[in-house]
Amino acid sequence: MDTARPATGLLTEVRDSLRTIVATSVKDKLGLDIDPAAVGWEQPPDPRFGDLSTPLPLKLARQARRPPMVIAEQIRDALIERGLPLVRDVTSSAPGYVNVRIDAVRLLHQVVEDVAGARGEYGSLPPSGRKAVVEHTNMNPNKAAHIGHVRNACLGDTLVRILRRCGFQVEIQNYIDDTGAQVADVVLGIKHLGAQMPAEGERFDHFCWDLYTEVHRRYEVEPELREVQREYLHLIEQGEGEIAAFAKQVAERVLAGHLRTMWGLGISYDILTWESDIVRKGFWRHAFETLKGRGSLVYETEGPNAGCWVVRLRGIPEFAGLENPDKVLVRSNGTATYVAKDIAYQLWKFGVLGLDFDYRPYVQQPNGTTLYSSSPPALAGDIAAGLQFGHADRVINVIDIRQKYLQDILRHSLRQLGFAREADSSVHFAYEVVALSPETAAELGVDVPKDAKGAVPMAGRKGIGVKADDLIDAAEAKATAEVRQRHPEMTDEQVRDLAHAIAVAAIRYYMVRFNTNTLIAFDFDEALAMNGNTGPYLQYAYARALSILRKASEAIPGCPADPSEALTWSLARSRFDAGLEVLPAEKAMAMTIADFTAKLQAAAAELLPSIVAEYAFGLASSFTDFYEGAPVLSAESDARVRRVCLVCAFIQVMRNVLDTLGLPSPGIL
RNA sequence: GCGCCCAUAGCUCAGCGGAUAGAGCAUCUGCCUUCUAAGCAGAGGGUCGUUGGUUCGAGACCAACUGGGCGCGCCA
């Protein structure tokens, strides 16, 4: 059988072929032009209808002025007449569906051939030559990461992995606002209020978590401190002197904590971009000079914005309801607003600013890659030859939904200023925030009304929130207890590694399994759950498959223990003769495997990592069904080697899926 | 005031205009001398917020309403 498959995935290919044939037959027999892409081929609710069904005849009935069943029969006959290698039979059913049954043996054969051909790349699309910049994490470097940041980073990192599998070259940027008020607050806490620096060994970002809350408590009782804050902020923005130098130190030390936390979750970055470098380099000044008088960047001489440079947004429907729809970019005192700097920065991401950062290698990451950083010229170092940051075809900013208005302004400003392509290619990947379930909030000592419904918002200034590291620690503790019980033979180090892998899976899966517009009411019990629809369940299915293979390699002469070698070995020995008996669970799992690419594409197109999470659960479930219903080791020899082959294919694909979600895939659980 | 989002099983959530609305958790009943029970099989549990409308067909689309969340600066 031909092993060179089209890149779109087996099931997509089958659907596309069906669509083309259907569109042709509708044209021939009914004289109607339809868009093949609009013909849906979905799994029917009841397997007796087949594997793929379309309700197209129902939709066409009125236009064609024919009963749906008549159309269904015509389409059915056309499909039978044309014939497709993987299609076993075609039926029509009331009130007007066309159903296709896939040939199980051929499907199995094709799927395992595909997996064996692509291995770690199974499901992926070929390189598109397009570059995407994904900016995520973007934490203020003034206190420890909380679970909201974890959602951002997990969504961002998973999106990156999805896009890479969909053929994009992806650059991951992490923007560090080291000159903002939040850093000033912490600096003030230490330098002005005299907070004791943390002891050696204590996490500095954790220390700042409490200090930040304390500083804001003091603002409440000593409003005059606000004056000091303003002064500090000014000094930090200027970038000169002792306070600015100390602020930089604070930012670096907090960032070190953030990176450690995120690396622990398997999240890495390509480039850190510092607000202070954007300011120092004069990104905005440069943009301002080229934009002045261009498009709708105008100087107002009257009205509420008199004395300001604004971008005209009036007339754009989205901003129609606002009393003052234009956006100030340069204040009447001559300073630039946040949006102004963001416009310049966004232009840099597309490589159209006309200015670039200096760079230096910043740190070696646990995944082996070098994390680079923008840099003051004096510290700039060599970066790898040919390395170039920015210059994206598409820019995706991962920021929670509360920033929608600002991101809309950014995008429309780009357009108004003459950057239509960049505006069209700027995407705000918005997601709802993480709040606290009433139970978890109460556990943290937050006053929650007894009849409280809904979630309690986190509030950093009040110290209401869950630190990312506390969540990870709790997950590791729970996993450790489980692992010790299940594997008393393991060394402490083995237990620790495995517990960590399980904890990461639980947390990352929890963070991406929800729709992005679902507010997560964070609950410790739910986030740490390891049964049911959870990350550890996915790992468990994977580990059970490996366990079968281990046993198979002992029981079957010549069968390798290594999954990749075993796949090659078992494929060469499997028979896929027509008419062979294939169990429904085998076929169902093969169908699911064959759908991976389609799910990846959907996730990338809709910017919905949850699609991959849902798919992963479905794939693991299909394996569990197979596990329960299709014995491997005790099967007669032909079925046995074929099932070993299927198990190997599952191992490979599940590993790819887990990797796409950023979940570790330990061989034992 | 204007704008965006949400409302589906006791709880947390899926659900692309199509067939009998699904999953996990929780509850109950079973299943570990047979490939890992972090599992599986089964049971109970639903007026899809309300009311109109469009459609052969609406949980999904439209309108209004109710209840909740968020946003709307010469802050960042």
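This structure is a prediction, so every number in the text was calculated from the model and none was measured. Chain identifiers are assigned alphabetically (A, B, ...) following the order of the sequence lines, protein sequences preceding nucleic acid strands; residue numbering begins at 1 within each chain.
Heavy atoms of A:N138 sit nowhere under 4.0 angstrom from any nucleic acid atom. In this structure, A:P304 reaches the bases: a heavy-atom distance under 4.0 Å links it to at least one base atom across the strands shown. A:E42 comes within contact range of at least one nucleobase, with a heavy-atom separation under 4.0 Å. In this structure, A:Y540 reaches the bases: a heavy-atom distance under 4.0 Å links it to at least one base atom across the strands shown. Residue A:F617 is in sugar-phosphate contact alone, with no base atom involved, counting any heavy-atom pair closer than 4.0 Å across all strands shown. A:I401 comes within 4.0 angstrom of nothing in the nucleic acid, heavy atoms only. A:A543 comes within 4.0 angstrom of a base, heavy atoms only. Here A:N140 lies out of heavy-atom contact (under 4.0 Å) with every strand. Residue contacts shown for A:L329 are absent, as no nucleic acid heavy atom lies under 4.0 Å away. Looking at heavy-atom distances under 4.0 Å, A:N515 makes contact with sugar-phosphate atoms alone, never a base. If you check every strand for non-hydrogen atoms under 4.0 Å, A:A527 touches nothing. Residue-level contact check: A:L549 touches neither bases nor backbone, having no heavy atom under 4.0 Å from any strand. Counting non-hydrogen atoms under 4.0 angstrom, A:A630 reaches a base of the nucleic acid. Within 4.0 Å of A:Y338, counting heavy atoms only, lies at least one base atom of the nucleic acid.
What separates CD of A:Q43 from P of B:rA19 is a distance of 14 Å, to the nearest Å.
Within 3.5 Å, no donor on the side chain of A:D525 pairs with an acceptor on the base of B:rA26, nor the reverse. No hydrogens or angles were tested; on distance alone, a donor-acceptor pair under 3.5 Å links the side chain of A:S332 to the base of B:rC74. Donor-acceptor pairing under 3.5 Å, judged by distance alone, is absent between the side chain of A:R513 and the base of B:rA14. The base of B:rA19 is paired with the side chain of A:S53 by a donor and an acceptor separated by under 3.5 Å. Side-chain atoms of A:S93 come within donor-acceptor range of the base of B:rA19, with a qualifying N/O pair under 3.5 Å.
Checked against B:rC35, B:rC40, B:rA76, the side chain of A:L406 finds its nearest nucleotide in B:rA76. Side chain of A:R48, nearest nucleotide from B:rG39, B:rA41, B:rU20: B:rU20. Nearest nucleotide to the A:E628 side chain, out of B:rG39, B:rA38, B:rA19: B:rG39. When the nucleotides B:rC70, B:rC35, B:rU12 are ranked by their closest atom to the side chain of A:F514, B:rU12 comes out on top. Of the candidates B:rC35, B:rC13, B:rU20, B:rC35 carries the atom nearest the A:V632 side chain, counting heavy atoms from C-beta on.
Atom NZ of A:K327 is surrounded by more than 12 heavy atoms from other residues, nucleotides or ligands within 6.0 Å. Within a 6.0 Å sphere centred on NE2 of A:H234, heavy atoms belonging to other residues, nucleotides or ligands number 12 at most.
Aromatic ring orientation, A:F522 versus A:Y510: perpendicular (interplanar angle above 60°, classes split at 30° and 60°).
Taking the C1' atoms as reference points, B:rG17 lies 16 Å from B:rC48, given to the whole Å. Comparing B:rC6 with B:rC61, their P atoms are spaced 9 Å from each other, to the whole Å.
Helical stems of RNA chain B (runs of at least 3 Watson-Crick or G-U pairs, donor-acceptor distances under 3.5 Å) are listed by first residue: B:1-7 with B:66-72, B:10-13 with B:22-25, B:27-31 with B:39-43, B:49-53 with B:61-65.
Going from atom CG of A:D177 over to atom CG of A:N138 covers 9.5 Å, rounded to the nearest 0.5 Å.
For A:W284 and A:Y345, the ring centers sit 6.0 Å or farther from each other.
Along RNA chain B, the nucleotide nearest A:D177 and the nucleotide nearest A:N517 are compared for position; the residue whose nucleotide lies closer to the 5' end is A:N517.
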